[in-house]
Amino acid sequence: MTDVSARIDPSAEIAPIDRRIFGGFVEHLGRHIYDGIFEPGHASAGADGFRSDVVDLVRELGVSTIRYPGGNFVSGYRWEDGIGPVAERPRRLDLAWHATETNRIGLHEFQDWLDKVGSELMLAVNLGTRGTQEALDLLEYANTSVKTARTDERAANGRAEPFGVTVWCLGNEMDGPWQLGHRNAEDYGKLASRTAKGMRQLDPSIELVVCGSSGRTMPTFGAWEREVLEHTFDDVDFISCHAYYQEHDGDAQEFLASAVDMQKFIDEVVDTADHVAAVRKSDKRIMLSFDEWNVWYMSKWEELAVTYGPDEWPVAPRQLEDQYNALDAVVFGDLLITLLQHADRVRSASLAQLVNVIAPIMTEPGGIAWRQTTFFPFSITSRLAGERAVRVPVDSGTFTSARFGDVANVNAVATIDHEGVSLFVVNRSLTDAAALSIDVSSLGRDLAVCESHLLHDDDLYAANTLDDPERVGVRPVDGAAVAASVLTASLPPVSWAAFRLA
């Protein structure tokens, strides 16, 4: 048992929390849409084909905005394919994921699903194989109220009123060689700037996300952000970040340091954006849209990927269906803590993805839907997070990481609102329980623990499966209490916890 002390002080406020930090991501990929959110004939599906059991779980998850339709998919997507009479929509080959896209679900149907789950749409435009004009066409179709050929077409397709999409992504991972229409920073920056300027002429109210590098390990990282922002600084509001983490070679302790990498990633992108601002002598601050993040066993996918022949283009194959365990969920919860610790600059984030594809929710065709282990930290944090994020410096001891040196055993963040405080904590130690002693006297209130949640399993690799969908869950933290303005609790090794004090 290691003694861990900390103090929650309102004067250590980071920033108000933008609820868009609890966003999600839906891509036309694998069984995400077809046999995931959409399965006509399923016992829970309505006349529109959407599974109500999945709708209920997405609502419980608490996603605020959902980025759509990709991802790599968007760089070859013609948005017009997904509107109009369903029977007349073309089948297309999706080069990103080597599949056939039926276009049964498009913009209108997806918005109908969003209305059911209570989330807002975040649209990505194709700047891979298409360009400025196609982006303007989509924006006019989606947001314009003036009578035009495009808005007449929208009305004929069933929606007289605009979709009113607020946030738009200018392409996806455009520095990735795997991306259709892959460009260098100068070419992409110029195209993104032209497109952004045109889109703002049409709708000045929108917010725009320019593509950052596809990851911190990319050889283009840093230089890409700088050059792209030199072209687009005046035109955009956000720059994107993408990061995925996994356990390598059975090294669970190193995996538990993943959030340190995310922290460094965020700090480096912020420094680069602020450097561009300083050179321009500008007070403007570019915010971060961490619009792809998750645990993803990418190396396993690459090893097990099915190779299709030139004439094999399946519809909705099983792809990227990672099974998450208790260890994954603890790391996942720590990544969420890190996003909240940077609420001053991370104003939007998208968990990638939502259903079946590296997802917190799984489904079986004709069968059940269930929560993966990663479902719990997200749903609880989204529900309990208050109005303002507050730093919680922790004195907890360290472990040694091969990549990052000394890493704190315990990481935490708090949020405050007019009704109370929420505390989110992770114990990264593989061996030592953490005896928490959290001073809450600065809050100036008589507080009590009104709920607590612990995610921990003695088997780090325990997972929820089709055969055992409730193997891993959350339970109250035994003995958690506030006395003399001090919250005390004990967290076992490799655990994530949330407390609500009111």
Side-chain angles (χ1 to χ4, degrees), residues 1-19 21-22 259-260 263 330 333-346 376-377 379-399 406-429 432-456 474-502:
M1 183 77 73
T2 300
D3 291 334
V4 176
S5 61
R7 183 168 181 259
I8 301 176
D9 187 343
S11 67
E13 179 176 325
I14 301 166
I17 294 172
D18 190 323
R19 294 297 303 180
I21 205 169
F22 299 112
V260 179
Q263 173 193 328
V330 171
D334 199 9
L335 296 174
L336 260 178
I337 288 171
T338 304
L339 291 174
L340 288 172
Q341 288 171 333
H342 293 83
D344 56 331
R345 298 302 288 269
V346 179
F376 302 105
S379 63
I380 293 168
T381 303
S382 176
R383 180 173 61 84
L384 294 185
E387 298 167 354
R388 306 183 304 281
V390 177
R391 293 182 184 86
V392 183
V394 178
D395 182 6
S396 68
T398 62
F399 65 86
D406 291 339
V407 172
N409 283 323
V410 174
N411 191 29
V413 72
T415 69
I416 295 176
D417 53 67
H418 66 283
E419 295 179 349
V421 59
S422 297
L423 175 68
F424 307 98
V425 189
V426 63
N427 182 2
R428 297 163 169 164
S429 174
D432 296 337
L436 299 182
S437 178
I438 312 294
D439 182 354
V440 296
S441 60
S442 295
L443 296 170
R445 310 182 195 183
D446 184 14
L447 296 171
V449 178
C450 61
E451 60 179 292
S452 66
H453 306 273
L454 176 69
L455 194 154
H456 166 77
V474 292
R475 61 183 187 271
V477 180
D478 293 338
V482 177
S485 296
V486 176
L487 167 66
T488 56
S490 178
L491 302 185
V494 191
S495 63
W496 172 92
F499 303 86
R500 179 63 179 171
L501 311 182

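Along the sequence shown, the residues carry numbers beginning at 1.
- Between S442 and I8, the shortest heavy-atom contact is CB-O, 3.7 Å.
- Taking OG from S422 and CG from L501, the interatomic distance works out to 7.5 Å, rounded to the nearest 0.5 Å.
- The two residues T338 and A259 come nearest to each other via the heavy atoms OG1-CB, 3.2 Å.
- Here the shortest heavy-atom pairing between A15 and D344 reads CB-CA, 3.5 Å.
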Worksheet item: T381 and L340: side-chain contact (heavy atoms from CB on, under 4.5 Å), yes or no, with the steps?
Response: CA-CA 10 Å; T381 303; L340 288 172; 3.8 Å; yes

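- We find the CG-OG distance between L436 and S5 to be 10.0 Å, quoted to the nearest 0.5 Å.
- Side-chain contact check for L336 versus F22: some heavy-atom pair is nearer than 4.5 Å.
- To the nearest 0.5 angstrom, R7 atom CZ is 15.0 Å from R391 atom CZ.
- A donor-acceptor contact shorter than 3.5 Å is absent between the side chain of T398 and the backbone of D406.
- Taking the charged nitrogens against the carboxylate oxygens, R500 and D417 do have a contact shorter than 4.0 Å, which makes a salt bridge.
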Fill in: CA sep, side-chain torsions, deciding dist, call: S495, L454, side-chain contact (heavy atoms from CB on, under 4.5 Å)
CA-CA 7 Å; S495 63; L454 176 69; 3.8 Å; yes

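- Between atom CD of residue Q263 and atom CG of residue L339 there is a gap of 11.5 Å, rounded to the nearest 0.5 Å.
- Between the T2 side chain and the D432 main chain, no donor and acceptor come within less than 3.5 Å of each other.
- No side-chain heavy atom of F376 sits less than 4.5 Å from a side-chain heavy atom of H453.
- Sorted by first then second residue, the salt bridge (Lys or Arg N to Asp or Glu O under 4.0 Å) pairs that include residues 482-498, not counting sequence neighbours, number zero.
- Nearest heavy-atom pair, A434 versus V410, reported as atom, atom and distance to 0.1 Å: CB-CG2, 4.1 Å.
- Between the side chain of Q341 and the backbone N or O of A389 there is no donor-acceptor pair closer than 3.5 Å.
- Across every non-hydrogen atom of W496 and P377, the tightest pair is CH2-CA, 3.7 Å.
- Between R19 and S382, the shortest heavy-atom distance links the atoms NH2-O, 2.7 Å.
- To the nearest 0.5 Å, atom OG of residue S485 and atom CG of residue D439 are 7.0 Å apart.
- The backbone N or O of P492 lies less than 3.5 Å from a partner atom in the side chain of N427, making a donor-acceptor pair.
- Although no hydrogens or angles enter the test, the distance criterion places no donor-acceptor pair under 3.5 Å between the side chain of R445 and the main chain of A502.
- Put simply, the side chain of V392 does not reach to within 4.5 Å of the side chain of V425, judged on heavy atoms.
- The closest side-chain heavy-atom distance from P10 to L443 is below 4.5 Å.
- Distance CZ/F424 to CG/D334: 13.0 Å, rounded to 0.5 Å.
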